[in-house]
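Everything below concerns the one structure shown next.
Everything numeric here is computed off the predicted structure, so don't read it as measured data. Residues take their numbers from the sequence shown, with the count starting at 1.
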Amino acid sequence: MKNLVFYLLTLLSCICISCSKESVDIGQLNTGNPIIPDQPENIITTPCGFDLSGVAENDTIIIDCLLDLGGATINLPANITFEFKGGDIINGTLIFSGGMIDGRLLSNKLAIGGDVQLIGDTFRLYAVRWDIVEGETTSAIALKNNAEFERIMFFTKALGATIFEIGRLDAYFEITKVTSTTTNQNFYPTLEAVNIPSDFHLKMSDDTHLRTFTAEAGVEGGTVLAVDNASNIIVSGGTIYGDRDKRIYSAADIGLEGTHLFTIRSGKNITLDGIKFVDGSKGSMNINSYGFSFNPDYNPTTGVVIKNCEFINSRRMALALTDARDVLIEGNTFIDSGQPSTNSDGGEVGYAINIEPDRFRDDNGVLFERQKAFDITIRGNTETGSRGGFVTATIGQDITIENNTIGTRAVYSLVSGTKIINNTFKATGTATESWAIFAAGGIESETVFNNEIANNTIEGYSLGIATGTKDTSIHDNTITNCKQGIQIGKTIDSRVYNNTITVSNNGIGATNTFNNNVEVTGNTVTSGGFHVYFVQLNNTEEHKNNTMVVENNTFSNFNQVVISGTKGITFKNNTLTGGIEVGNASNIDVSFNTVTPNESDGIRLFGSHTSVAIANNEVSEPTGASRYVCINNDSDSPAGITMTNNTCN
């Protein structure tokens with residue numbers, strides 16, 4: 001049994017208040033379409049033929065009539081149970097000494113106190129029985145909706161409810177006003193939100209609509225629902241609406257203004273299932289934690305599941321994750337994140353999911369992580385229309401992005417143990433003009449290592465995969481119907497292998513860049529342009545000793561491999577339908593290749609060379625024009641070229 005004296009004082013103030021709809025000044029409202037309230041089960045209005053004066057210890061009272069307490073406060077004997085049979089109890093206070101009551105008898109017309117629990121663990125909310133106003137309303141009333149909705153959840157939780165059901169509800173909530181009465185008037189979004197208690201299931205229906213009351217111009221921050229330092233919570237169903245196209249953004253806005261729809265802050269074991277998020281003006285969801293990871297008061301969010309939800313037309317981003325661990329984002333749908341809308345631009349970021357904890361280096365260069373994001377799985381989601389892309393994993397560890405259907409892009413940067421695997425990328429809209437996957441940045445960062453891009457199917461992009469990273473493995477991807485396959489630049493200590501590339505332009509490229517200790521092996525390339533296009537690669541004093549190996553690949557079509565203005569390439573054991581051109585190059589090894597040219601020389605050398613070896617290649621006689629030959633040494637620096645054991649068949 002739980003003591004409810006605190007709630008008694010709160011509810012006593014509601015005894016004589018009629019349904020708050022009756023007190024609303026209709027002249028202040030834009031009524032729009034009328035709201036049809038959800039009808040409670042209390043349908044019997046026949047007055048009861050008894051009172052509670054004769055109640056004895058351990059009695060069970062059947063409420064199949066209307067019991068009016070006449071404003072009285074009644075102290076009940078021990079262990080009294082009130083069962084619901086269609087009636088109601090109004091206009092008074094019941095003080096329990098042990099006992100139970102059916103949740104359907106609770107309302108703002110009955111105060112209860114003492115030791116009492118609900119019969120059963122499920123409570124169903126009917127707005128007409130409480131001080132919740134539905135439909136368009138004023139800021140003041142929407143603010144009261146916040147307090148009442150939250151109060152009822154905590155009240156019924158204290159009575160033993162673990163499931164809080166909502167059927168038909170359509171109400172606005174004011175989430176941007178400071179309610180603190182202390183001298184500290186700072187705004188805390190999760191404090192001003194509707195908070196959900198621990199060990200609780202908020203179970204909404206398709207007819208449940210929670211709406212953001214339109215914020216004043218320039219306001220930044222706020223959230224409709226919040227999990228704040230709470231645990232073991234499920235929130236399911238319902239639709240939560242933002243004020244994206246209703247609010248006014250200030251002229252000074254740099255894409256940060258707006259409010260969220262749901263925030264998890266230092267939550268433990270939280271599940272969001274089947275919620276629809278629409279028109280978030282700052283975004284739909286925000287996941288973070290209290291404290292910094294290096295301080296004793298750090299309280300990380302742990303064990304979050306977001307599944308089967310819809311994120312529609314979120315400004316900035318749908319889901320922002322800055323501090324959390326053990327997170328599963330599965331089976332959700334993301335539509336048009338960060339796109340311009342009727343009354344707003346798309347804000348900054350523009351990705352559906354943004355993983356970006358904060359960190360810094362001190363004056364001695366030591367890295368400190370204020371926030372951490374790791375053990376995150378993004379699986380089985382569907383995304384289309386995001387302005388920036390589907391996922392940007394900017395900072396974090398052990399992030400897996402797998403089995404998603406993606407219409408735009410995915411990128412990772414300063415991460416480790418991150419995998420983009422088994423996804424289907426099919427470009428839609430402006431994504432056709434960009435890349436599908438970008439392994440970006442971090443070649444000098446100690447936090448970038450052991451990352452993987454594998455077994456993805458990529459179709460319809462200008463470029464399949466781009467790199468600018470270190471210690472990454474790119475393998476077994478299928479890239480079709482794209483202009484270019486894989487661009488490798490500013491990449492070190494990495495492998496690109498067993499990919500199948502069928503593109504209209506270049507297959508594998510690296511231009512005006514550098515790479516070092518990179519292996520390109522076992523790939524199958526069919527290109528409409530150049531199979532390999534390495535131009536101005538490692539062509540600076542700083543990168544002159546860099547190396548890159550292209551080995552055991554199969555290049556189809558009668559196109560060419562070009563190595564020009566480049567240093568440090570080993571091209572060996574490849575099977576090539578087409579030709580090889582090497583120009584103005586240094587430290588090049590072309591050996592043990594099988595070359596079958598058509599409208600080109602088998603191997604052509606031009607320009608100036610230093611330390612170029614052409615050895616043990618099997619070259620077929622070109623099948624095209626007679627001017628083409630197996631090996632055409634048109635170099636103006638023959639001393640820089642060594643040719644041994646090549647054959648012309």
Side-chain angles (χ1 to χ4, degrees), residues 287 317-325 327-329 334 337-338 348-359 367 369 371-381 383 386-425 431 434-458 461 463-477 479 486-496 499 513 515 518:
I287 303 175
M317 65 198 89
L319 196 161
L321 192 159
T322 56
D323 192 289
R325 58 195 65 186
V327 177
L328 173 62
I329 302 169
F334 298 86
S337 301
E348 44 97 72
V349 180
Y351 276 77
I353 301 173
N354 181 24
I355 302 171
E356 191 172 5
D358 180 45
R359 66 187 192 184
L367 183 66
E369 296 177 292
Q371 300 170 312
K372 289 187 174 182
F374 60 90
D375 290 341
I376 298 166
T377 300
I378 302 170
R379 181 173 65 207
N381 303 282
E383 178 271 343
S386 299
R387 188 186 82 241
F390 173 45
V391 179
T392 173
T394 304
I395 298 172
Q397 300 87 43
D398 299 326
I399 301 167
T400 300
I401 303 164
E402 64 178 342
N403 294 317
N404 301 284
T405 300
I406 301 168
T408 58
R409 294 162 287 273
V411 57
Y412 68 71
S413 299
L414 304 174
V415 297
S416 63
T418 292
K419 304 178 187 297
I420 302 177
I421 57 175
N422 300 312
N423 301 284
T424 299
F425 289 82
S434 184
W435 39 264
I437 304 174
F438 188 11
I443 62 171
E444 297 179 354
S445 174
E446 70 271 29
T447 66
V448 179
F449 56 88
N450 193 31
N451 297 312
E452 182 180 16
I453 299 170
N455 294 297
N456 300 286
T457 299
I458 299 171
Y461 293 82
L463 173 61
I465 300 172
T467 69
T469 188
K470 69 176 183 179
D471 194 11
T472 194
S473 175
I474 301 171
H475 65 92
D476 294 290
N477 300 285
I479 302 173
I486 300 177
Q487 280 277 9
I488 308 168
K490 298 183 180 180
T491 297
I492 62 175
D493 303 331
S494 297
R495 297 181 65 207
V496 179
N499 301 285
T513 187
N515 295 312
V518 175

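Each side-chain hydrogen bond (donor to acceptor under 3.5 Å, both in side chains) pair with one or both residues in residues 435-445, not counting sequence neighbours, appears once here: S445-T447. Among residue pairs with one or both ends in residues 467-476, none qualify as salt bridge (Lys or Arg N to Asp or Glu O under 4.0 Å); sequence neighbours excluded.
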Sequence neighbours excluded and cut-off under 3.5 Å, please list the side-chain donor-acceptor pairs for residues 413-422, or say none.
unit_1	atom_1	unit_2	atom_2	d
T418	OG1	S416	O	3.4
K419	NZ	E452	OE1	3.2

Just list the side-chain donor-acceptor pairs under 3.5 Å for residues 373-380, sequence neighbours left out, or say none.
unit_1	atom_1	unit_2	atom_2	d
R379	NE	E330	OE2	2.9
R379	NH2	E330	OE2	3.2

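In this structure F390 satisfies the ring-ring contact (aromatic ring centres under 6.0 Å, His included) test together with F334, sequence neighbours excluded. Looking at residues two or more places apart in sequence or on another chain, you find a side chain to side chain contact (heavy atoms under 4.5 Å, CB included) between E356 and N354, T394. Among residues two or more places apart in sequence or in another chain, the side chain to side chain donor-acceptor pair (under 3.5 Å) test is passed with N404 by N381, N423. The side chain to side chain donor-acceptor pair (under 3.5 Å) check on T467 picks up T491, with sequence neighbours excluded. Under the rule for a side chain to side chain donor-acceptor pair (under 3.5 Å), the partners of T408 that lie at least two apart in sequence or sit in another chain are E383. Take D358 and apply the side chain to side chain contact (heavy atoms under 4.5 Å, CB included) test, not counting sequence neighbours, and it matches R370, Q371. Under the rule for a side chain to side chain donor-acceptor pair (under 3.5 Å), T469 has no partner lying at least two apart in sequence or in another chain. The side chain to side chain contact (heavy atoms under 4.5 Å, CB included) check on Q487 picks up L463, Q484, with sequence neighbours excluded.
To the nearest 0.5 Å, the span separating CD1 on I399 from CD1 on I401 amounts to 7.0 Å. Atom CG of D323 and atom CD1 of I355 lie 12.5 Å apart (nearest 0.5 Å). S434 contributes atom OG, which lies 8.5 Å from atom OH of Y461 (distance to the nearest 0.5 angstrom). To the nearest 0.5 Å, the span separating CD1 on I465 from CD1 on I458 amounts to 4.0 Å.
Side-chain atoms of L367 and E446, non-hydrogen and from C-beta on, do get closer than 4.5 Å to each other. I453 places a side-chain heavy atom less than 4.5 Å from the side chain of Y412. Proximity of L319 to I287: side-chain heavy atoms (C-beta onward) are separated by under 4.5 Å at one or more points.
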Practice task
Take K372 and R359 through the side chain to side chain contact (heavy atoms under 4.5 Å, CB included) test and state the conclusion after the steps.
Solution key: CA-CA 8 Å; K372 289 187 174 182; R359 66 187 192 184; over 6 Å; no
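The shortest non-hydrogen separation linking S386 to G350 is CB-O, 4.0 Å. Considering all non-hydrogen atoms of both residues, I474 and N499 come closest at O-ND2, 3.1 Å.
Side-chain N or O atoms of T513 include one that pairs as donor or acceptor with a backbone N or O of K490 at under 3.5 Å. Proximity of a side-chain donor or acceptor of R409 to a complementary backbone N or O of R387 within less than 3.5 Å is detected.
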